[in-house]
Amino acid sequence: MTFPVATAPAFTAAPAPVLERESAFVVEVDGFSGPLDLLLHLIREQRLEISDIPVARIADQFLAVIDQLQLNQAADYLEMASRLLRLKIQMLLPRPGTEEGWEDPRAELVRRLLEYQQIKEVALWMGRAAERRGLMHPRGYLPPPPDLPPEPPTLDLLELLMAVDRVVAGILHPVLHSVVARPLDVEGATLRIETLLQNRTELTWAEALGPTPTITDVLSTLLALLELARRGLLRVAQPHPFTPLVIRREATRSAD
Amino acid sequence: MKPLAQLIEAALFAADRPLTLEELEALDPEVSLAEVRAAVEQLRDHYDLDGHGVEVVELGGGWQVVTRAALAEALERARVVQRSSRLTAAMLETLAVIAYRQPVGRAEVEEIRGVQSSGVLRSLQERSLIEVVGRSDAMGRPLLYGTTPLFLELLGLSDLSGLPRTEEFSIALQPPAVEAPPDDDAAAYVEAES
Amino acid sequence: MKPLAQLIEAALFAADRPLTLEELEALDPEVSLAEVRAAVEQLRDHYDLDGHGVEVVELGGGWQVVTRAALAEALERARVVQRSSRLTAAMLETLAVIAYRQPVGRAEVEEIRGVQSSGVLRSLQERSLIEVVGRSDAMGRPLLYGTTPLFLELLGLSDLSGLPRTEEFSIALQPPAVEAPPDDDAAAYVEAES
């Protein structure tokens with residue numbers, strides 16, 4: 001993806017269209033490793049001082065670029081955009097009479113940009129070092145190891161937990177929900193209802209559930225009742241709407 | 001050592017296979033096959049005359065550099081040639097799934113990890129970290145795996161209850177019958193239940 | 001070449017990783033560490049003086065034989081070796097933060113980089129360039145990362161002191177103990193994360 005961004009100063013009036021028309025250079029958003037990277041790029045391209053960023057102008061340019069970002073990349077960029085807009089407003093607020101009492105609202109951003117610039121420098125150094133090192137090739141062909149059993153493995157808890165984190169991180173969300181394992185105990189519920197009905201002919205729904213039922217108990221009991229009703233061993237009735245269910249033993253077929 | 005012999009030495013060292021004279025010829029567009037052959041022989045003689053620990057050998061039309069057979073015993077003693085005792089990332093991940101969800105079948109391991117896992121399961125079995133503990137009732141009666149006493153021993157645990165259960169474990173790694181997992185959805189679920 | 005240098009050469013050819021002096025010492029029960037070091041240096045000098053196509057280098061805390069960088073182009077052209085895949089800018093940045101601030105958690109990496117980093121942390125772990133070295137005492141007990149020996153090997157360093165010197169850098173690269181920037185945003189961020 002490429003986006004046009006202006007090099008020329010584009011002050012606050014209607015920035016976006018101006019940027020598009022000028023399109024003096026092209027920014028590839030895919031090539032940036034984050035909003036700080038993009039910000040640093042805008043600053044460098046225009047040879048601006050990090051310590052004295054023209055916030056209004058940079059904020060508008062930044063917005064023009066991320067306007068065309070795909071949503072899945074956008075969260076971190078949007079956060080930076082809102083930060084820039086806040087700064088832009090803060091810079092417009094009247095300052096207290098003396099310069100002394102005034103704290104530059106850009107200070108935090110400047111600090112982060114300077115930090116990030118250092119990171120970029122080190123990353124560049126590392127990239128070069130890795131490239132130099134990549135020219136030196138280690139042994140390619142290793143003769144198959146003697147036919148011995150492998151070394152006794154080493155393992156520690158940290159390694160295992162690290163693997164757990166990787167596994168968890170790799171799990172797709174739908175899978176998370178399919179494994180809520182709370183087995184229904186239909187057989188248990190059936191047995192409980194049958195036992196109750198041996199001594200009585202009628203039960204209420206609450207009695208069938210037993211004390212302090214969980215949601216799985218409720219489901220198990222419901223399924224058990226339906227199954228017993230299907231087999232003709234009992235009848236489930238609700239005398240009136242919204243009244244408790246009444247469970248009645250089927251006299252004709254209860255004795256096997 | 002002449003430049004061509006030097007290049008051939010580097011090639012034989014870095015290649016992941018024995019190299020033919022034709023392959024070695026590709027190292028330098030200006031050399032002939034005869035020159036390549038001469039340089040290979042020069043390298044071989046150099047190793048022999050200077051008493052190097054490696055030698056150049058021809059095997060089935062390909063050339064390679066190998067360590068001298070006389071040194072094999074010392075290399076084995078120092079364990080520099082043995083398979084690493086470290087477990088690979090794939091092994092560790094598979095082991096993690098099995099440790100927390102055992103007994104568990106291959107299909108479930110693969111579903112959680114999102115990759116084919118039969119080779120890794122075999123390696124873990126070879127290393128006595130997992131074993132077959134039974135068969136599932138599911139279709140095809142697949143094998144179920146669990147961890148071994150060696151697994152506990154390596155972690156210094158007396159039993160599986162010593163495995164940490166950190167808060168961020170998702171449901172996928174909770175053993176099927178344990179208390180509710182602590183993420184938001186599950187919390188809502190528990191509330192609805194009681 | 002002396003017998004010990006010969007043995008060391010064979011070991012360095014046979015191993016798939018840099019070997020430490022201690023590992024090399026195990027080759028011969030009768031030699032001292034000092035003798036091993038001298039023999040490694042003898043081997044290195046021999047390769048250099050005789051113009052071999054390989055050289056002995058110290059990497060990631062151990063010693064390894066590798067092909068000379070000047071020959072890389074010819075080796076790649078002849079398809080004897082493949083150019084190693086490059087690290088992305090995001091990976092390099094993340095490695096830079098971790099290398100200088102380790103042990104360091106994900107939140108701090110993300111604070112400095114200004115971007116979500118869990119994916120790149122995972123990739124670096126998969127490549128064994130970083131590893132979990134502990135857990136922070138902070139809320140949620142987040143994992144802390146550090147660099148691995150393979151990281152040093154990748155950059156051709158024998159230890160972390162080979163990285164560019166930290167005095168030249170701003171606070172971001174100093175270990176956190178020096179001055180923790182307790183700015184509001186960072187604090188809020190950490191809270192939100194845990």
Side-chain angles (χ1 to χ4, degrees), chain A residues 31-40 72-73 75-77 79-80 83 107-109 111-143 145-146 156-166 168-170, chain C residues 12-17 55 57 59 64-73 75 80-81 83-84 86-90 92-97 99-100 111-116 118 120 122 125-126 131-135 143 153-157 163-164 169-173 181 183-185:
Chain A
F32 289 100
S33 49
L36 287 171
D37 200 16
L38 172 55
L39 207 51
L40 207 54
N72 57 3
Q73 296 178 281
D76 295 308
Y77 288 88
E79 201 218 315
M80 178 59 74
R83 198 178 285 236
E108 161 63 10
L109 183 64
R111 183 187 68 79
R112 291 190 60 188
L113 278 169
L114 289 173
E115 275 181 1
Y116 183 70
Q117 201 177 22
Q118 299 287 2
I119 293 293
K120 293 280 289 180
E121 273 168 37
V122 174
L124 198 67
W125 183 91
M126 284 183 170
R128 289 202 192 111
E131 203 162 320
R132 263 197 315 275
R133 169 69 184 91
L135 296 176
M136 306 183 335
H137 293 278
R139 180 89 153 123
Y141 173 74
L142 286 169
D156 61 46
L157 211 47
L158 214 53
E159 274 184 309
L160 188 73
L161 292 180
M162 215 164 98
V164 165
D165 284 351
R166 287 199 304 274
V168 170
Chain C
L12 293 178
F13 263 68
D16 58 354
R17 60 184 192 280
E55 59 182 329
V57 293
L59 279 180
Q64 194 172 18
V65 173
V66 295
T67 60
R68 290 186 192 275
L71 307 176
E73 210 190 315
L75 295 178
V80 168
V81 295
R83 186 179 283 270
S84 46
R86 286 174 156 212
L87 297 175
T88 65
L92 285 167
E93 278 175 23
T94 307
L95 276 175
V97 176
Y100 283 90
E111 222 277 307
I112 294 175
R113 293 192 57 223
V115 72
Q116 207 265 99
S118 57
V120 67
R122 196 159 60 243
Q125 263 186 306
E126 275 162 13
E131 62 190 353
V132 173
V133 294
R135 279 183 184 273
L143 297 174
E153 228 178 284
L154 178 87
L155 298 189
L157 300 176
L163 289 170
F169 294 135
S170 75
I171 44 177
L173 296 181
D183 69 81
D184 289 343
D185 278 349

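Proteins come first, then strands; the chains are lettered A, B, ... in the order of their sequence lines, and each starts at number 1.
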Could you look at E131(A) and say if it's the side chain, the backbone, both or neither that has a heavy atom under 4.5 Å from chain C? side chain
Chain A heavy atoms under 4.5 Å from R68(C): which part of the residue, side chain, backbone, both or neither? backbone
If you take all heavy atoms of A123(A) and A96(C), which pair is closest and at what distance? N-CB, 4.2 Å
Quick check: are there more than 12 heavy atoms from other residues, nucleotides or ligands sitting under 6.0 Å from CD of E73(C)? no
Using non-hydrogen atoms and a 4.5 Å limit, figure out which bit of V65(C) sits close to chain A: side chain, backbone, both or neither. backbone
Which atom of P35(A) lies closest to which atom of G114(C), heavy atoms considered: CG-O, 3.2 Å
Identify which of T67(C), L157(C), L154(C), V120(C) forms the greatest number of heavy-atom pairs closer than 4.5 Å to chain A. T67(C)
For A15(C), does its backbone N or O pair with a side-chain atom of R139(A) as donor and acceptor, under 3.5 Å? no
Need one label for A70(C): side chain, backbone, both or neither, based on atoms under 4.5 Å from any heavy atom in chain A. neither
Structural part of E93(C) lying under 4.5 Å from a heavy atom of chain A: both
How long is the span from the CZ atom in R113(C) to the CD atom in E115(A), to the nearest 0.5 Å? 13.5 Å
Determine yes or no for a side-chain-to-main-chain donor-acceptor pair under 3.5 angstrom, with R86(C) supplying the side chain and A130(A) the backbone. no
Distance-minimising heavy-atom pair for E111(C) and R112(A): O-NH2, 2.9 Å
Using the side-chain contact (heavy atoms from CB on, under 4.5 Å) rule, pick out the option among T94(C), L95(C), I112(C) that qualifies with I119(A). I112(C)
Residue that, paired with R133(A), satisfies side-chain contact (heavy atoms from CB on, under 4.5 Å) out of L155(C), L59(C), V57(C): L59(C)
